[in-house]
Amino acid sequence: MVLYLLLDTHWWLELQRKNKVTGRKADVMLAAYYAAEAALRMIKPGNQNYVVTDVINKIAEEYKCKPVEGMLSFQLQQGRIDGEKTIIQNPTEAQRKEVEKCEFETHDVFGIDVIISTGEGIGREMESRVTIYRKTDEVYSLKLKASKEFYSKVKKSYGMMPFNLRSFDDEKKARMGVVECVSHKLVEPYPVLWEKPNDFVAQFKYTVLLMPNGPNRITGLPFDVDAFHSEHSIKNEELKKLVSATTNVKSKSAKKKKKKQTDKKTETS
């Protein structure tokens with residue numbers, strides 16, 4: 001049995017009035033939703049990662065928005081959330097050279113992360129304190145006692161998975177220990193990225209399995225498109241057709257069972 005880690009993120013607005021969400025908030029929510037839906041339909045065996053990159057860009061443009069630069073969606077592998085294959089959104093020329101082309105294959109598993117902005121689409125690090133980290137494959141002999149204790153706890157409790165400093169019994173001590181670990185790249189920080197004031201960012205994240213009979217999204221919640229009204233919409237006919245295509249996955253055994261039931265009804269009649 002092979003176990004995979006499931007990724008899922010939900011951002012929602014609490015509607016405190018009966019009116020629909022409008023303006024740039026609606027633009028970015030619908031752009032992110034339809035970009036995530038388009039990506040789901042393009043992640044299939046035989047397609048390449050940059051096909052997904054391009055379709056996310058095109059959907060965002062329909063709503064006058066931009067994908068956040070350089071954000072990655074990773075292949076999920078046993079015990080890892082950062083597998084070999086990646087999908088990048090809105091890459092710079094330098095990032096295009098760094099992220100290799102790859103082809104999707106049956107039984108691949110991906111954590112898809114679509115992040116769209118009404119602004120420039122460039123995440124900036126501010127003075128926000130980092131609390132999320134993840135262990136790397138680097139090796140180094142730590143010198144400080146606090147660092148050794150901290151790193152030992154990370155390896156034992158979290159392995160290669162992200163963790164929050166607030167989950168440690170002594171957060172102050174953990175903050176002391178993480179410094180040397182970061183400086184020698186034993187753990188890497190997950191910095192908080194900011195857009196410019198008055199711009200909005202929307203994120204949709206889900207896990208998808210590439211099955212022989214189609215992509216199968218196994219995490220996620222329903223999204224009420226009717227709660228949002230945008231002045232923009234998808235005009236491109238190919239994109240319209242893509243996002244409206246069904247993603248229902250039926251197993252071969254279910255199809256055979258349905259066929260047998262139909263044949264039986266025919267014989268009975």
Side-chain angles (χ1 to χ4, degrees), residues 1-11 31-60 66-92 95-117 121 123 132 134-137 158-162 188 190 193 201-223 239 242-251:
M1 178 184 292
V2 180
L3 299 179
Y4 290 97
L5 302 157
L6 305 185
L7 301 182
D8 194 11
T9 297
H10 307 293
W11 292 87
Y33 169 72
Y34 283 119
E37 291 297 303
L40 175 66
R41 289 156 175 78
M42 296 304 292
I43 301 173
K44 53 187 179 182
N47 274 0
Q48 291 189 341
N49 52 345
Y50 277 97
V51 172
V52 180
T53 300
D54 293 340
V55 79
I56 291 175
N57 285 340
K58 290 177 181 177
I59 294 287
K66 284 190 176 182
V68 175
E69 183 181 284
M71 292 294 106
L72 292 170
S73 295
F74 285 96
Q75 179 186 15
L76 305 182
Q77 296 176 306
Q78 188 174 13
R80 297 189 69 95
I81 60 171
D82 58 345
E84 296 177 2
K85 299 179 183 180
T86 58
I87 302 167
I88 190 169
Q89 64 172 41
N90 192 17
T92 62
Q95 290 168 341
R96 277 188 177 272
K97 294 176 182 178
E98 292 175 1
V99 177
E100 297 180 0
K101 289 183 179 180
C102 64
E103 186 173 298
F104 304 127
E105 300 176 90
T106 302
H107 302 307
D108 280 349
V109 182
F110 277 87
I112 302 303
D113 196 358
V114 176
I115 311 177
I116 307 295
S117 169
I132 307 297
R134 187 177 70 87
K135 178 182 171 297
T136 69
D137 291 321
Y158 305 104
M160 301 300 292
M161 297 303 299
E188 59 182 5
Y190 280 46
L193 299 181
V201 177
Q203 178 183 25
F204 283 79
K205 191 168 188 172
Y206 56 84
T207 302
V208 58
L209 312 179
L210 275 64
M211 305 303 291
N213 49 343
N216 184 13
R217 177 169 47 192
I218 58 174
T219 62
L221 291 174
F223 177 74
L239 294 178
L242 177 64
V243 297
S244 61
T246 182
T247 58
N248 291 334
V249 175
K250 293 183 179 180
S251 65

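All values below were derived from every heavy atom in this structure, side-chain atoms included, with hydrogens, water molecules and symmetry-related copies excluded.
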**Where at least one partner belongs to residues 38-50, residue pairs that pass salt bridge (charged side-chain N to carboxylate O under 4.0 Å, His left out), sequence neighbours excluded** = E37-R41
**Request:** Report yes if some heavy atom in the side chain of L40 is under 4.5 Å from a heavy atom in the side chain of V208; otherwise report no.
**Result:** yes
**Asked** So do the side chains of I88 and N49 get within less than 4.5 Å of each other, counting heavy atoms only?
**Response** no
**Prompt:** Got T53 and I87 here, is their nearest side-chain heavy-atom distance under 4.5 Å?
**Reply:** yes
**Request:** Would you confirm whether N216, through its side chain, and L209, through its main-chain N or O, come within 3.5 Å as a donor-acceptor pair?
**Result:** no
**Asked** Considering only heavy atoms from C-beta outward, does the side chain of P162 approach that of I132 to under 4.5 Å?
**Response** yes
**Message:** For D82, give me all partners under side chain to side chain donor-acceptor pair (under 3.5 Å), at least two apart in sequence or on another chain.
**Reply:** R80, R134
**Flag side-chain contact, heavy atom, 4.5 Å: I116 against V68** = no
**Message:** Determine whether I59 and V243 satisfy the following criterion, side-chain contact (heavy atoms from CB on, under 4.5 Å), listing intermediate values before the conclusion.
**Reply:** CA-CA 10 Å; I59 294 287; V243 297; 4.2 Å; yes
**Asked** Does L193 reach the side chain of M71, with side-chain heavy atoms less than 4.5 Å apart?
**Response** yes
**Request:** For residues R96 and P91, report the shortest heavy-atom separation together with the two atoms involved.
**Result:** CG-CG, 3.6 Å
For residues 99-106, run the donor-acceptor check on the side chains, cut-off 3.5 Å, and write out each pair with its distance to 0.1 Å, sequence neighbours left out.
{"from": "E105", "atom 1": "OE2", "to": "K85", "atom 2": "NZ", "distance (Å)": "2.9"}

**Prompt:** If you take all heavy atoms of F74 and G83, which pair is closest and at what distance?
**Reply:** CD2-O, 3.9 Å
**Message:** Can a donor-acceptor pair be found, under 3.5 Å and without considering hydrogens, that links the side chain of E69 to the backbone of T92?
**Reply:** no
**Asked** Say you draw a straight line from CG of L72 to CD of Q95; how long is it, rounded to the nearest 0.5 Å?
**Response** 8.0 Å
**Complete:** Sorted by chain and number, sequence neighbours left out, side chain to side chain donor-acceptor pair (under 3.5 Å) with S117 holds for E195
**Prompt:** What closest approach, in Å, do A31 and A60 show between heavy atoms, and which atom pair accounts for it?
**Reply:** CB-CA, 4.4 Å
**Prompt:** Distance-only, no hydrogens or angles: does the T219 side chain make a donor-acceptor pair with backbone N or O of T207 under 3.5 Å?
**Reply:** yes
**Item:** Criterion side-chain contact (heavy atoms from CB on, under 4.5 Å) on D137 and M160, from CA distance to verdict
**Value:** CA-CA 9 Å; D137 291 321; M160 301 300 292; 3.4 Å; yes
**Request:** Please lay out, stage by stage, how N47 and V52 fare under the test side-chain contact (heavy atoms from CB on, under 4.5 Å).
**Result:** CA-CA 9 Å; N47 274 0; V52 180; over 6 Å; no
**Request:** List for me each residue that meets side chain to side chain donor-acceptor pair (under 3.5 Å) alongside Y50, sequence neighbours excluded, and say none if there are none.
**Result:** none
**Fill in**
For Y33 and F204, the nearest pair of non-hydrogen atoms, with its separation, is N-CE1, 3.6 Å
**Request:** Could you walk me through whether N57 and N90 pass side-chain contact (heavy atoms from CB on, under 4.5 Å), step by step?
**Result:** CA-CA 7 Å; N57 285 340; N90 192 17; 4.0 Å; yes
